[in-house]
Number of protein chains: 2
Amino acid sequence: MIRRIPPRSGIAVSVPRGAVLTVIDPEGGQVSDMFAVAAGDPAEVLSNGRTLDYEETLRLTTGARLWSNRSRVMLTITEDTAPHHDFLLTPCSEDTFRHFYPDKPVHRGCFGNLAEALAPHGVVPAMIGTAFNIFMNVPVAPDGRLAVLPPGTRPGDLIRLRAEMDLIVGLTACSAYASNGGSFKPIDFSVMLAEGAATG
Amino acid sequence: MIRRIPPRSGIAVSVPRGAVLTVIDPEGGQVSDMFAVAAGDPAEVLSNGRTLDYEETLRLTTGARLWSNRSRVMLTITEDTAPHHDFLLTPCSEDTFRHFYPDKPVHRGCFGNLAEALAPHGVVPAMIGTAFNIFMNVPVAPDGRLAVLPPGTRPGDLIRLRAEMDLIVGLTACSAYASNGGSFKPIDFSVMLAEGAATG
């Protein structure tokens, strides 16, 4: 079953070990911030630093693993049709709206959406670090400068990630202007259990 | 007063707002992992994701600010003679020793050293994310691949950081082989109060 995340919102979903989470950009050009915690232990969280350390690349695509702050593999990317993802930048938040868009209304952003969705699972905001920013386009210039460009995804582009441990996954349809080329669109996802039965 | 951190060890030091922390590579080719928390609130910690977001570059040098997970500026780099620093990779740890050096003795690494030094200040290990890896040489290839090369620092190279809030700073002389070109050397540091009086 494919579920839809409305624009500028977020959800949390249980993804048991062996299940495959599919995240789809239904219209193209939309980012989804993903943050994962170990089910039953919200102090074990997704870590960009551990992941970059062990995977030895910024270019995380099919075959790459996403690691926790305790050096355990949380997810493996099993399929990826998108041109890029980002694992450098934190979720947009009230603070980033004030910083980058001082003339626009403040929005709680992906950070606020993840914090609300993950709170019932015991996750405190201070533990929400850098999300894996699915479909986000953050090129690194030769001199190290970072840019945030519209995603190059086409409608239907997707990424599949297999859970390597029991997880609670927070997932958003991103709320920031720059990430999405100035528009806000939905994100679709599904969770397929190892046995082939859909859940969500 | 200049203090010395012996090879493969770490310390924690109070750095009040306005004070300048100087970190020196006395022999050249040595990395120092730095992690900062707000004095009195160990849930506010240094954030590589927030820093990369707001500074918009991987190349953090004079003028750059290091930000907390609550989007407040913790430190400003006021002087920098070193060719590079890294803010992508997590501190070396027992796990990274097992992963990267399976035939060498396991060491608790910078992570263990930071955890011990910061524990008296209320910092739990799960809150120690990516450190600012002073003098570390992590080039990013055009295809996104990361390498860990020996630091290009010469004896006496240094970085100065001004505290923009009251901080507890954890600082190490790094324990990993690759970061330091296979050798382990000390790190020197000083804390100069705003008034000009030295402390430590």
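Naming: A, B, ... by sequence-line order, numbering from 1 per chain. Not measured: the values here are computed from a predicted model. Because only heavy atoms are used, hydrogens play no part in the values below, and waters and symmetry mates are left out as well, while side chains stay in.
- Contact annotation for Phe87(B): neither backbone nor side-chain heavy atoms come within less than 4.5 Å of a heavy atom of chain A.
- Cation-pi geometry between Arg8(B) and Tyr177(B) is met: under 6.0 angstrom from the ring centre, within 45 degrees of the axis.
- Under the 6.0 Å distance and 45° angle rule, Arg70(A) does not count as a cation-pi partner of Phe111(B).
- Between chain A and the residues Glu55(B), His99(B), Arg98(B), Arg145(B), the most heavy-atom pairs under 4.5 angstrom are made by His99(B).
- For Glu27(A), the CD atom is densely surrounded, since the number of other residues' heavy atoms within 6.0 Å is greater than 12.
- Among the candidates Ala126(B), Pro91(B), Ala131(B), the residue making the largest number of heavy-atom pairs closer than 4.5 Å to chain A is Ala126(B).
- Contact annotation for Thr57(A): both backbone and side-chain heavy atoms come within less than 4.5 Å of a heavy atom of chain B.
- When each of Asn69(B), Thr96(B), Val140(B), Thr130(B) is scored by its heavy-atom pairs under 4.5 Å with chain A, the top score falls to Thr96(B).
- Inter-residue side-chain proximity for Glu44(B) and Met165(B) is flagged as met; some heavy-atom pair is nearer than 4.5 Å.
- Using a cutoff of 4.0 Å between basic side-chain nitrogens and carboxylate oxygens, Arg65(B) and Glu164(B) are not scored as salt-bridged.
- Remark: Arg17(B) does not engage Asp166(B) in a salt bridge, criterion side-chain N to carboxylate O under 4.0 Å.
- Per-residue heavy-atom pair counts under 4.5 Å with chain B were compared for Thr51(A), Leu89(A), Val138(A), Asn48(A), and the maximum is reached by Leu89(A).
- Your options are Leu146(B), Asp143(B), Leu58(B), and the one with the most heavy-atom pairs under 4.5 Å with chain A is Leu146(B).
- Note: Ser93(A) leads Ser93(A), Pro142(A), Ser47(A) in heavy-atom pairs under 4.5 Å with chain B.
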Side chain to side chain contact (heavy atoms under 4.5 Å, CB included) evaluation trace for His85(B) with Phe135(B): CA-CA 5 Å; His85(B) 311 286; Phe135(B) 310 135; 3.9 Å; yes
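- Ranked by heavy-atom pairs under 4.5 Å with chain B, the list Arg59(A), Glu56(A), Met127(A), Glu94(A) is led by Glu56(A).
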